[in-house]
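Keep in mind it's a predicted model, so treat the numbers as computed, not measured.
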Amino acid sequence: MPTDPTLAALLLEHEIRQFYFVEADLLDERRFAEWLDLLTDDVRYFAPIARNIRRGEEASELTREGFDAAWFDEGKVTLRQRVEQLATGIHWAEEPQSRTSHLVTNIRVLEALPEVAAAVEVRVRSRFLVYRNRLADETDILVGKRSDTLVRVDAGWKLARREIQLDQSVLLAKNLTLFF
Amino acid sequence: MHPLVDAENGTISREIFVNPDIYAEEQERIFARSWLFVGHESLIAKPGDYITSRMGEESVVVTRGRQGGVHVLLNSCMHRGMKVCRYDQGNTRLFTCPYHGWSYGIDGKLVERPGQLVGVPGFEQHYHGELDRTAWGLRHVGRIALYKGTIWANWDADAPDFLDWLGGMRAFLDFALDHRDGSEGSSEAIGGIQKWRLNTNWKIVAENFIGDLYHDISHRSVDLVGIGPSGGKGRRDAQRPRMQIGFPGLGHGGLGETPHNSEPDYAPAWALYPEVEAYYRELHEKRVRNLGDRPRVTMSVGTIFPNMSFHGRQPRTILMAHPCGPTQTEMWRIYLVDADAPEAVKDAARHYYLRYSGPAGMTEQDDMENWTYATEASKGVIARRLHYNYQMGLGHARPVPGLPGAVQNGPMAEENQRIFYNRWAQFMTQAGWDGLMPTTARALEDAD
């Protein structure tokens, strides 16, 4: 392990970046079963609904995990069901399959535990832009923020928690058959 | 009756799902005088609470006054039309227009009538104190009805009473809104409304929810995976046989059981969650005691004309299909739970609802694909010359014992769709209320 703290931070950030890029490739190459392997068994996957609220009332801007409605609020069992449904070939919302590209950027490691040089758990913030084109002219561009917790398992990293903040209050897409 | 709707023979022109002129006419003839669901009281629990909602294309503010009453106001400044509220929810005593600063009170301490104009910048100096402030309050709806937590509004002050509008459909709405133990009302909305846009006509959504078991086939993928709360295959627990039950002359309908006077044996409903399962088993015993031999119905999906749909059992939701253009709809979904249910029960329900319904719902996603591309493939000049087919079960409707005004047509039919479009045609062709409402027992009582 490097002793120079800047170097250690760079290496950690590099690892996390590679994790995200591999993840994006798995999703965009429709290797969803392999994507599931990147998630811990007790993963939390949560996408709150955004509201338009008065300045100063930001506490109610997003629906609450564990209490309110959301776009997603689930774990691996449901995520696996989604993947199984896609694989049936008769999930008409994704048959024929859409084309997607996940762009992941602004990646910042906010916290590394127990320390940067020997991290086994990290909190990471990033932005995403997911482009989807379906059939001929159905096109969605979904943009937002992700707050993740990754944990080191054996040789690699796994996603233990992901909060997805879509930058829309009325979802301007007809469905969310995709993963973020 | 209407040149494009031949409900008698079960054919309907595709024009009514794509034509901008017909769509514009619907706004006037249907949405300006129908009872429309605008929200749930649990979303505006405290005095001063408000949500913004929609009636047809129009934005409205639904407020809880400081004195506890519920008000529904057009969200448009009377001066130059700016939206006086651009928040989805909040708590306030005043709505102040950002454009020229006119402000409207919803607190009875500030104004005699909520919505009244209280502040006009330059009132003395520039209006010379001559503006009639009482005449320029926010536009109220014509009528409001509160029913077991649901809030309904109608622009037309001459509209019939909400309960007459609802008619016998009330029993099915009750099933969705009543406590699972059979006691009245006491359901609440989970916080947060899912809102999303869909490129289809609003009627396509309403006619699906009015009862279309025939389209079960489109949900085969989710049924193969199995997302029901008791595990195994299927998207919900097995249900007792359901019928298509509809209300000719009112335009409502759903899938449900005809009235019966005793409670069938308990069937496991949430077996994957032992704590929740135990709760429902106990509620079932309470339900048997509470309802005794009173008639009751069950239902799974239904539509109240024109555009409020609901699920009553698994899941349990309210859906608004807001018109947003001839081929665009803004969907709003609210999820219901018993207000006094334990957290574990609410939590299991919430997770189930979210994987079933809405844009991420593994069931609803396939519906929306069908609705979207049916609409797209009905736009062309050739396609528009054709009619959709609603002939299933034509001529096989029969009355429902114990449910006046209702007909049933077995588990699979298009009776309810014919009823819905008949109602639509009535509204589109008749200007006044005369002849639009069937003579009900309530109306007869009033006449006496």
Side-chain angles (χ1 to χ4, degrees), chain A residues 45-57 60-75 77-96 98 134-138 140 166 168-180, chain B residues 51-52 85-92 189-200 217-227 272 317 324 329-335 343 346-347 350-355 357-373 376:
Chain A
Y45 188 82
F46 172 56
I49 299 167
R51 299 182 178 106
N52 298 297
I53 45 87
R54 190 185 293 275
R55 193 177 301 271
E57 294 176 8
S60 62
E61 184 165 3
L62 299 173
T63 56
R64 300 165 301 167
E65 185 174 5
F67 293 96
D68 296 332
W71 301 122
F72 296 98
D73 187 351
E74 61 201 45
V77 171
T78 303
L79 289 167
R80 180 172 287 122
Q81 288 171 333
R82 295 184 187 281
V83 171
E84 287 172 8
Q85 188 183 23
L86 291 168
T88 61
I90 53 170
H91 181 22
W92 308 118
E94 280 298 331
E95 185 58 38
S98 302
R134 167 150 197 75
L135 296 180
D137 60 356
E138 188 177 344
D140 299 303
L166 277 166
Q168 292 183 351
S169 64
V170 176
L171 182 70
L172 302 176
K174 80 176 192 293
N175 68 33
L176 292 169
T177 50
L178 31 75
F179 301 104
F180 293 95
Chain B
I51 55 168
T52 43
C85 180
R86 288 165 300 141
Y87 305 119
D88 295 328
Q89 64 175 46
N91 185 285
T92 192
I190 294 174
I193 304 173
Q194 287 183 331
K195 304 174 184 177
W196 73 105
R197 296 268 175 98
L198 186 61
N199 290 327
T200 196
I217 192 166
S218 64
H219 295 306
R220 191 176 279 166
S221 68
V222 68
D223 284 339
L224 283 171
V225 170
I227 61 164
L272 282 180
T317 81
C324 215
T329 299
E330 188 167 305
M331 310 272 274
W332 285 29
R333 185 170 255 114
I334 289 173
Y335 295 94
E343 281 308 315
K346 289 184 182 177
D347 204 43
R350 199 170 50 82
H351 286 293
Y352 173 60
Y353 300 164
L354 294 177
R355 67 179 181 262
S357 296
M362 294 166 67
T363 306
E364 197 143 61
Q365 288 174 350
D366 287 325
D367 288 321
M368 295 190 287
E369 183 78 2
N370 288 325
W371 303 338
T372 299
Y373 287 100
E376 186 180 298

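Side chain of A/Q85 to main chain of B/M362: a donor-acceptor pair is present (N/O by atom type, distance under 3.5 Å, no hydrogens or angles).
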Kindly determine whether B/R197 and B/E330 satisfy salt bridge (charged side-chain N to carboxylate O under 4.0 Å, His left out), including the steps that lead there. CA-CA 5 Å; B/R197 296 268 175 98; B/E330 188 167 305; 2.5 Å; yes

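The parts of B/R220 that come within reach of chain A are both its backbone and its side chain, each placing non-hydrogen atoms under 4.5 angstrom from that chain. Only the backbone of A/A173 comes within contact range of chain B, judged by heavy atoms closer than 4.5 Å. In this structure, chain A has a heavy atom under 4.5 Å from the backbone of B/R86, while its side chain stays farther away. Heavy-atom distances place the side chain of B/Y373, and not its backbone, under 4.5 Å from chain A. Heavy atoms closer than 4.5 Å to chain B are found in both the backbone and the side chain of A/I90. Proximity to chain B is absent for every atom of A/D140, based on heavy atoms less than 4.5 angstrom apart. The part of B/T92 that comes within reach of chain A is its side chain, from C-beta onward, which places non-hydrogen atoms under 4.5 angstrom from that chain. Only the backbone of B/I193 comes within contact range of chain A, with at least one heavy atom under 4.5 Å from a heavy atom of that chain. For a residue to count as touching a neighbouring chain, one of its non-hydrogen atoms must lie under 4.5 Å from one of that chain's; by this rule B/E364 does not touch chain A. Contacts between B/L354 and chain A at a heavy-atom distance below 4.5 Å involve backbone atoms as well as side-chain atoms.
Among residues at least two apart or in separate chains, salt bridge (Lys or Arg N to Asp or Glu O under 4.0 Å) pairs with a member in residues 83-95 of chain A are A/E94-A/R132.
For the set B/I334, B/N370, B/T372, the count of heavy-atom pairs under 4.5 angstrom toward chain A peaks at B/T372. Annotation: maximal heavy-atom pairing with chain B below 4.5 Å, among A/V170, A/L135, A/T88, occurs at A/V170. Note on A/R134, A/R80, A/E57, A/Q168: by heavy-atom pairs under 4.5 Å with chain B, the leading option is A/R134. When A/G66, A/P48, A/A47, A/S60 are compared by the number of non-hydrogen pairs under 4.5 Å with chain B, A/G66 comes out ahead. With respect to chain B, the highest number of heavy-atom pairs below 4.5 Å among A/T63, A/D73, A/N175 belongs to A/D73. For the options B/H219, B/H351, B/K346, heavy-atom pairs under 4.5 Å to chain A are most numerous at B/H351. In terms of non-hydrogen atom pairs under 4.5 Å with chain A, the most contact-rich of B/D347, B/I190, B/D366 is B/D366.
With rounding to the nearest 0.5 Å, the separation of CE in B/M368 from CE in B/M331 is 6.0 Å. The structure places CD of A/E138 at 7.0 Å from OG of A/S98, a figure rounded to the nearest 0.5 Å. Taken to the nearest 0.5 Å, the CZ atom of B/R355 stands 6.0 Å off from the CD atom of A/Q81. From B/I227, atom CD1 reaches atom CZ of A/R82 across 8.5 Å, with rounding to the nearest 0.5 Å. Here the CG-CG distance, from A/L171 to A/L176, works out to 5.0 Å after rounding to the nearest 0.5 Å. To the nearest 0.5 Å, atoms CD1 (A/I49) and CG (A/L166) are separated by 10.5 Å.
Using a 3.5 Å distance cut-off with no hydrogens or angles, the side chains of B/D88 and A/S169 do not pair a donor with an acceptor.
Under the 30°/60° scheme for interplanar angles, the aromatic rings of B/Y335 and B/Y353 are found to lie parallel.
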